[in-house]
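All heavy atoms count here, side chains included; hydrogens, waters and symmetry mates do not.
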Amino acid sequence: MIRINDIIERLLGYKLKPKVELIQKAYIWSARLHKDQRRLSGRPYLSHPLEVAGILTELQADEPTIAAGLLHDTIEDCAVTKPELEREFGDEISNLVDGVTRVGKISRGNKPELQAEYLGKMILAMARDIRVVLIKLADRLHNMQTLNFHPEQKQVEIAEETLEIYAPIAHRLGIYWIKTELEDLSFRYLKPEIYYRLVEEVAKIAHQRQDYLKRVQSILKEKLKAAGLEAEVEGRIKHYYSIYQKLEQQKLSLEEMNDLYGFRILTKTIRECYEALYVIHSFWVPVPGRIKDYIALPKTNLYQSLHTSVIGPEGERIEIQIRTYEMHKIAEEGIAAHWLYKKGVSVIEEDEEDHFAWLKRLVEFKQELSDPHQFLETVKSDLFPDEVYVFTPKSDLNVFPKGATPIDFAFSVHTDLGVHCAGARVNNRIVPLSYKLKSGDIVEIISSKETHPVKAWLEISFTQRARTKIQHYLRSEETKKSSELGRQIIETELLKFDLHLNNLIKSGKLDELARKFSFADHKKLLEAIGYGKFSHRKIVAQLVSRDELRRMAPGVGRKGGRKAGADKKPRGILIKSVNEPLIQFGPCCQPLPGEEIVVYLTPDSGYAVHKAGCPKIQGLDPDKIIPAGWSKKIKGTFTTTIEVVSSDETGLLSEMSGAISKLGINISKALVRTIDGQKAVATFEIQLNNASELSRVLNRLGRIRKVISVEKISGAS
């Protein structure tokens, strides 16, 4: 067990004139409060806060943080109040201890809600005072080091939580040594058989390859020295969880893994880093695509280094990192090395905001996302990024997780730009919205007020922020369409009885009926009818007598034989664009503007447009089929398939294609097959604006000599 004198000695090693009395006082308080408590191991409980404080000294924490580490369990486990701590140790330390206690308190619930609450508390704690999370990391690290004293089920639960929450946070803060130890310890308890087998196999290979490692290290030292560079060369084995991940992802055996070992070169200056890279590439061939410059473009957790892979002795691939001593300190300790806790400052200063943009994003997500599942996915994708670095046309740097697309870029700039994203230029070339961004890309978004999100965007966007914004837009459009559909459904029915929907709304009668069926108002009622979740007949039954309903049953006319609603039939929903969100056009009948159509409410709350006589809609729920019409200014082109049967003669396909093109019609696909050895069947997929254009195409093709028949056919059902 570490002693208080060891902690003070470490503090004296990195702090000029430290407040030793403060640390001693915190130790005495902690010892007194925990004196009758013991750990599961049987050791005095005091051993835990001492180990936590010891870990904090390895992070070179300031005196208030170390004191708070010694006291971090006193509010939770010793019935000490925050005011008591405040009187003895002041605001700063009492706030740190209180912050650690608050993060640790989670309400009961199922796993996603529980994890979301926990992550949310961690994020807010980081934003208020990053030192709270450093204490929690130290606390969790020591708990993982002594996890063997817990029951097996508890070991698994704690290890899962550590791997999903604590290790990613340590990674984001750049504290590499804590991240790797947390990962390896979690791996040990989650997959013990694999872990211990891997440890054994790596030890064997390390013993067998010892001479090779020494030889590579020696060559590197000699070559760098010959070039006049003073550099330290280290060889290391990758940590076990990292090895396991690579073996799993690439489906390799340990013997097949050719980068089990890595070498690190430490220099004094940045210039020497680049010189060392040049020297290495002058005698060993670099592996294409494996050179990464994180010095010019640091990672968001402050990490800087040059990475290269080369073909070394005996044709083996070797990974090498090159960095300055200062970069190495930050690479290992992250924020703890960067943030010197100047004068007790615990908030993010203006000159450090760029380093913590990710934390600001997470705080925004916490405020925006109420769904715990969405929040978890967002935070985890942000904590575990494989990042790409892209630029705006004005050379502003943006960092995205690997796999991000122009849609993610657009929504990161502004929601409105994302909603109206019509296309993108990357490096001055038009690219599809599904293009995967690469480091170094210069991205420009092309926007149009006519463009808006469609369901397909959810498949090609990568960041949870973009997907959340797209889902919000689609839901609002869905609600709007459902309300419109509900209005059309009930209005069509009411007009049969000379009742008018607007009159019912204005008089408040529809609101009254809505509340009777547990809806907040008539708007929510119309939405439910449009969604197909509530039958409009229940409302009509409240407004019309049973006799009248029977008289107006299908096939029965009104007084004098006049059909209900014959004098005032609503047109139904208007289709304004081929790209309307939630609207799909039936491939079975391929409806065109000018043809009579209906709209069917699909099970997933989308809206399918079919020709009025389409066999596909026969037998479907009539309550979900409503009249529809085309806007006079319908936007977009419609894909239609036509089939031409003709004699099998040379040049006939060319003549047919030419005839279609002369009408200004675009052919997107053409296929030809022969039947009976003498006939040819040509199938054309063409882009049309309306039914009139289709008639012209059919007439023109029908006049071609040797054409036997031409007709529009169904697409895929």
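- No hydrogens or angles considered: a donor-acceptor pair under 3.5 Å links the side chains of T405 and D408.
- With E319 contributing its side chain and H307 its backbone, the two residues share no donor-acceptor pair below 3.5 Å.
- Contact detail for A159 and M144: the closest heavy-atom pair is CA-CE, 4.2 Å.
- By the 6.0 Å contact criterion, NZ on K268 is open, its count of non-hydrogen atoms from other residues, nucleotides or ligands being 12 or less.
- For the residue pair T162 and P168, the shortest heavy atom distance occurs at O-CD, 4.1 Å.
- Side chain of S30 to main chain of L70: a donor-acceptor pair is present (N/O by atom type, distance under 3.5 Å, no hydrogens or angles).
- Between the CD1 atom of I28 and the CG atom of L33 there is a distance of 12.0 Å, given to the nearest 0.5 Å.
- Between the K25 side chain and the F89 main chain, no donor and acceptor come within less than 3.5 Å of each other.
- For the pair L134/I175, a side-chain contact is recorded, criterion being any heavy-atom separation below 4.5 Å from C-beta on.
- Once rounded to the nearest 0.5 Å, the distance linking CG of L247 with OH of Y240 reads 13.0 Å.
- In plain terms, the two heavy atoms of L11 and A61 that are nearest each other are CD1-O, 4.2 Å.
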**OP:** Give the intermediate values and the outcome of side-chain contact (heavy atoms from CB on, under 4.5 Å) for residues K469 and V419.
**Re:** CA-CA 8 Å; K469 297 292 184 183; V419 166; over 6 Å; no

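- Between L85 and W29, some side-chain heavy-atom pair lies under the 4.5 Å cut-off.
- For E157, the CD atom counts as densely surrounded, since its 6.0 Å shell holds more than 12 non-hydrogen atoms of other residues, nucleotides or ligands.
- Side-chain contact between R140 and I158 is present, with at least one heavy-atom pair separated by less than 4.5 Å.
- Looking only at atom types and distance, the side chain of E326 has no donor-acceptor partner in the side chain of Q304 under 3.5 Å away.
- Looking at T65 and I135, their side chains come closer than 4.5 Å, going by heavy atoms from C-beta outward.
- Taking the six-membered ring for Trp and thresholds of 30 and 60 degrees, F400 and F409 have ring planes inclined between 30 and 60 degrees apart.
- Of all heavy-atom pairs between Y176 and A331, the closest is CB-O, 3.1 Å.
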**OP:** Mind running side-chain contact (heavy atoms from CB on, under 4.5 Å) on Y274 and I295 for me, showing each step along the way?
**Re:** CA-CA 10 Å; Y274 288 99; I295 292 179; 3.7 Å; yes

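- For the pair V132/L96, a side-chain contact is recorded, criterion being any heavy-atom separation below 4.5 Å from C-beta on.
- The number of heavy-atom neighbours closer than 6.0 Å to CZ of R32, taken from other residues, nucleotides and ligands shown, is above 12.
- No donor-acceptor contact under 3.5 angstrom links the side chains of S412 and R465, judged on distance only.
- If you take OG on S186 and CD on E161, they are separated by 10.0 Å, rounding to the nearest 0.5 Å.
- Using a 4.5 Å cut-off on side-chain heavy atoms (C-beta onward), Y241 and L163 make contact.
- The six-membered or imidazole ring of Y244 lies near that of F187, with a centre-to-centre distance under 6.0 Å.
- Annotation: side chain of Q471 is not in contact with side chain of L474 (no heavy-atom distance under 4.5 Å).
- Checking each of E234, R236, K292 against Q321 for a side chain to side chain contact (heavy atoms under 4.5 Å, CB included) leaves exactly one that passes, namely R236.
- Residue I270 qualifies as open at atom CD1: its count of foreign heavy atoms under 6.0 Å is 12 or below.
- How far CD of E232 is from CD1 of I265: 11.0 Å, rounded to the nearest 0.5 Å.
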**OP:** Test side-chain contact (heavy atoms from CB on, under 4.5 Å) on L22 and I93 and set out the steps.
**Re:** CA-CA 10 Å; L22 176 65; I93 292 173; 3.7 Å; yes

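- The two residues D139 and V52 make their nearest non-hydrogen contact at CA-CG2, 3.7 Å.
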**OP:** Determine, stepwise, if the pair D6 / R3 fulfils side-chain contact (heavy atoms from CB on, under 4.5 Å).
**Re:** CA-CA 5 Å; D6 300 323; R3 299 171 305 168; 3.4 Å; yes

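- If you check the side chains of T146 and R39, you find a donor sitting under 3.5 Å from an acceptor.
- To the nearest 0.5 Å, atom CG of residue D77 and atom CD of residue Q37 are 5.5 Å apart.
- Judged by distance alone, the side chain of Y189 and the main-chain N or O of N148 form a donor-acceptor pair under 3.5 Å.
- What you find for G235 and F263 is that their closest heavy atoms are CA-CD2, 3.8 Å.
- Here the straight-line distance linking atom OG1 of T324 with atom CG of L306 works out to 10.0 Å at 0.5 Å rounding.
- Here the side chain of H414 pairs a donor or acceptor atom with the backbone of D416 at under 3.5 angstrom.
- In this structure the side chain of T468 never reaches within 4.5 angstrom of the side chain of F411, judged on heavy atoms.
- The main-chain N or O of D91 is found under 3.5 Å from a side-chain atom of N95 such that the two form a donor-acceptor pair.
- No donor-acceptor pair under 3.5 Å is formed between the side chain of E63 and the backbone N or O of I23.
- Applying the 6.0 Å contact sphere to NZ of K35 captures no more than 12 heavy atoms from other residues, nucleotides or ligands.
- Panel note: side chain R467, backbone F462; a donor-acceptor pair is recorded below 3.5 Å.
- With R10 contributing its side chain and G54 its backbone, the two residues share a donor-acceptor pair below 3.5 Å.
- Judged by distance alone, with hydrogens and angles left aside, the side-chain atoms of H72 form a donor-acceptor pair with the main-chain N or O of G69 at under 3.5 Å.
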